[in-house]
Amino acid sequence: MEQFDEFGFPTEYPPEILSSMHSQLRIPAEKFRQLHICFDAANNLYARIPLDKLYDLCSRYLSSISQEDFLDVAEIIAHERGNHYAVIRREIFHEELPPGGPMDRELIAEHLYSVGDEYYYALEKQQEGKPWYTPDWSEFVKYADQFFIESTPQQYLLTRYLQNTQRKLRCPPIEITEEFSSQLRMDEDIQHIIDEGQRLGVRFQDQQDFRDFLDLLLKLSHHTRRYSHRGHTSAELGLPALSAEKVLKDVSYDNNYIDPLAKIGHMLRAKCHNPTTTSGKPSRNTPCPCGSGRKYKNCCGR
């Protein structure tokens, strides 16, 4: 009998119970590993996907996977520790729906429920009616790495721009463009990304310099895979691209930008050399709490 917490999310099972569940599987360990890759990759490519659709994907990539075996694996994964997603019943976010069967559940990324339910509902609405991006297996498995960012010509051009024009960046240019891609994947607005760039040391000599940067950023935006597009880019869906001329009136930059978290970061750095939180270490790909501007994995997390 599955166990759930007060919010309806699957609870973590101790290793001995998970080991017992593994021993009862009818598929070999390698097939379980491949199915786990499918779950991990789907989380990082779509952020939200119904289990019946995920089963269709797994069946496409892996042969001879019965629905019963798929659900047995899904139950183990749902109760594992350390996954950055949950496998939940649909009625948790839709109380108006009657209880569904095991295949009516869905996989949702951690950020959709850890901050606020509004992110889940917003993504659900944005994804509605759009086709699922289904790459071949060799590309799909790359997304099993939670830090994977697809390299694109647009990302290369923006990285080269930063290399050629910036002298006081707080981390390597490629890390900055990867951070931009991560935020664009989550549909962060352009002004927020400009502010993030300035926090990381991006500065502009004049309005034309800013316009050149904005033009490259918008091209990156148009060719970045998004959760809201079910893994597609805006270009692949035929959506109109934003031009710098149209966006300029709604965004701005400040070469005297001061990171509002900088003072807090310096206080943390003064208190401890290797900062952690009460909930554990920061995510490897998030800004380091020490305030250096670098990702945690390249700073105190080394």
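For the side-chain contact (heavy atoms from CB on, under 4.5 Å) with L123, the lone residue among I108, L112, D187 that qualifies is L112. Checking F148, F39, Y61 one by one against F140, the ring pair (Phe, Tyr, Trp, His ring centres under 6.0 Å) holds for a single residue, Y61.
Aromatic rings of Y119 and Y113 (six-membered ring for Trp) have centroids beyond the 6.0 Å cut-off, not under it. Between Y133 and H229, the ring centre distance reaches or exceeds 6.0 Å.
Side-chain atoms of T233 and T224, non-hydrogen and from C-beta on, never get closer than 4.5 Å to each other. Residues L217 and I194 form a side-chain contact, since some pair of their non-hydrogen atoms from C-beta on lies under 4.5 Å apart. Side-chain contact check for T152 versus Q155: some heavy-atom pair is nearer than 4.5 Å.
Of the possible polar contacts, one joining the D209 side chain to the Q205 backbone as a donor-acceptor pair under 3.5 Å is found. Between the Y46 side chain and the W132 main chain, no donor and acceptor come within less than 3.5 Å of each other. In this structure, the side chain of N83 does not engage the main chain of Y85 through any donor-acceptor pair within 3.5 Å. Between the side chain of N44 and the main chain of A41, no donor-acceptor pair closer than 3.5 Å is present.
Ring orientation note: the planes of F204 and F213 are tilted relative to one another, at an angle of 30° to 60°.
Judged purely by distance below 3.5 Å, without hydrogens or angles, the side chains of H192 and Q183 pair a donor atom with an acceptor atom. Side chain to side chain, E236 and H222 fail the donor-acceptor criterion of an N or O pair below 3.5 Å. Judged by distance alone, the side chains of D69 and S66 do bring a donor and an acceptor atom under 3.5 Å apart. Checking D5 against T11 by side-chain atom types alone, no donor-acceptor pair falls below 3.5 Å.
The side-chain tip of R48 does not point at the ring of Y227 from less than 6.0 angstrom away and within 45° of straight on. Taking the centre and axis of the six-membered ring of Y253, the NZ or CZ atom of R203 falls outside the cone set by 45° and 6.0 Å.
Distance CD/Q198 to CG/D254: 6.0 Å, rounded to 0.5 Å.
Residue I92 is not grouped with residue I49 when hydrophobic side chains (ILVMFWY) are merged at heavy-atom distances under 4.5 angstrom, including chains of intermediate members.
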